[in-house]
Amino acid sequence: KQEVTQIPAALSVPEGENLVLNCSFTDSAIYNLQWFRQDPGKGLTSLLLIQSSQREQTSGRLNASLDKSSGRSTLYIAASQPGDSATYLCAVASGTYKYIFGTGTRLKVLA
Amino acid sequence: GAVVSQHPSWVICKSGTSVKIECRSLDFQATTMFWYRQFPKQSLMLMATSNEGSKATYEQGVEKDKFLINHASLTLSTLTVTSAHPEDSSFYICSARWGSEQFFGPGTRLTVL
């Protein structure tokens with residue numbers, strides 16, 4: 001059974017810092033991994049999608065990497081801003097395409 | 001881009017009543033849709049997989065008689081919470097599969113009084 005864990009559970013940083021969010025999964029047989037952002041009381045915003053054959057994806061200040069063999073993904077946020085404050089979720093899609101979500105990292109960027 | 005809508009966005013109901021939530025793929029056909037539930041300060045938990053024209057597949061611990069799922073067309077899946085109770089209050093999110101990708105709806109917040 002696939003299990004997805006995110007570390008840290010919460011993170012508070014001053015504005016401008018570069019930061020790394022971690023996601024680990026137990027079953028390396030995945031189709032893809034996706035990083036989402038969720039603001040309080042809101043739905044999901046897709047940030048980056050990495051297919052199983054890819055090693056990384058980049059969008060603006062965000063970079064996500066995937067190492068299937070070790071069951072890890074990282075989301076790198078450069079030059080963090082207060083507007084980046086949100087909960088970040090990683091989700092892994094396996095054989096039936098259903099997503100298993102991680103536990104989330106609550107990020108707060110202080111002005 | 002692929003868009004998924006949900007209706008209603010929020011609903012308040014009395015204990016014992018039933019509530020129906022719709023999930024629509026607006027610009028693509030989705031043979032498979034998924035329903036998730038999110039309790040406060042928790043992550044999303046998959047409830048069931050909905051396949052067009054066939055019975056839904058429920059995850060372990062999810063009562064199929066309480067959470068009725070109908071996927072009558074390639075663009076619409078509905079989730080009906082029957083005899084709702086306060087513990088069913090949650091954020092319900094659907095997603096629709098297109099190829100190897102999934103697109104998520106904006107969610108429906110259910111409050112049962």
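The shown structure was predicted, so the numbers you read here are calculated from the model rather than taken from an experiment. Numbered from 1 within each chain, the chains take letters A, B, ... in sequence-line order. We use all heavy atoms of the structure for the numbers below, so side chains are in, but hydrogens, waters and symmetry mates are not.
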ask   = Hey, what do you get for OG (A/S53) to CG (A/L66), rounding to the nearest 0.5 Å?
value =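 One gets 9.5 Å once the value is rounded to the nearest 0.5 Å.
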query = Could you give the distance from CG (A/D67) to OG1 (A/T74), rounded to the nearest 0.5 Å?
reply =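 One finds 9.5 Å between CG of A/D67 and OG1 of A/T74.
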key: Donor-acceptor contact below 3.5 Å, side chain A/Y99 vs main chain A/Q34   =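 Judged by distance alone, no pair lies under 3.5 Å.
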Considering all heavy atoms, the nearest B/C13-B/T17 contact =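 Minimum heavy-atom contact is CB-OG1, 3.5 Å.
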Tell me, for [X] versus chain A, whether the close heavy atoms (under 4.5 Å) come from the side chain, the backbone, both or neither.
X: B/E59; result: side chain
X: B/Q38; result: side chain
X: B/L44; result: both

query = Should the pair A/F101 and B/Y36 be assigned to parallel (<30°), tilted (30 to 60°) or perpendicular (>60°) ring geometry?
reply =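 Answer is perpendicular, since the angle exceeds 60°.
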In terms of heavy-atom proximity below 4.5 Å to chain B, should [X] be classed as side chain, backbone, both, or neither?
X: A/F36; value: side chain
X: A/Y31; value: neither
X: A/Q6; value: neither

task = Please determine, among A/G104, A/S46, A/A91, A/G43, the option with the most heavy-atom pairs under 4.5 Å with chain B.
result =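 Highest number of heavy-atom pairs under 4.5 Å: A/G43.
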ask   = Does B/F104 share a hydrophobic cluster with B/L46, counting links as ILVMFWY side-chain heavy atoms below 4.5 Å and allowing steps through other members?
value =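 Hydrophobic grouping puts B/F104 with B/L46.
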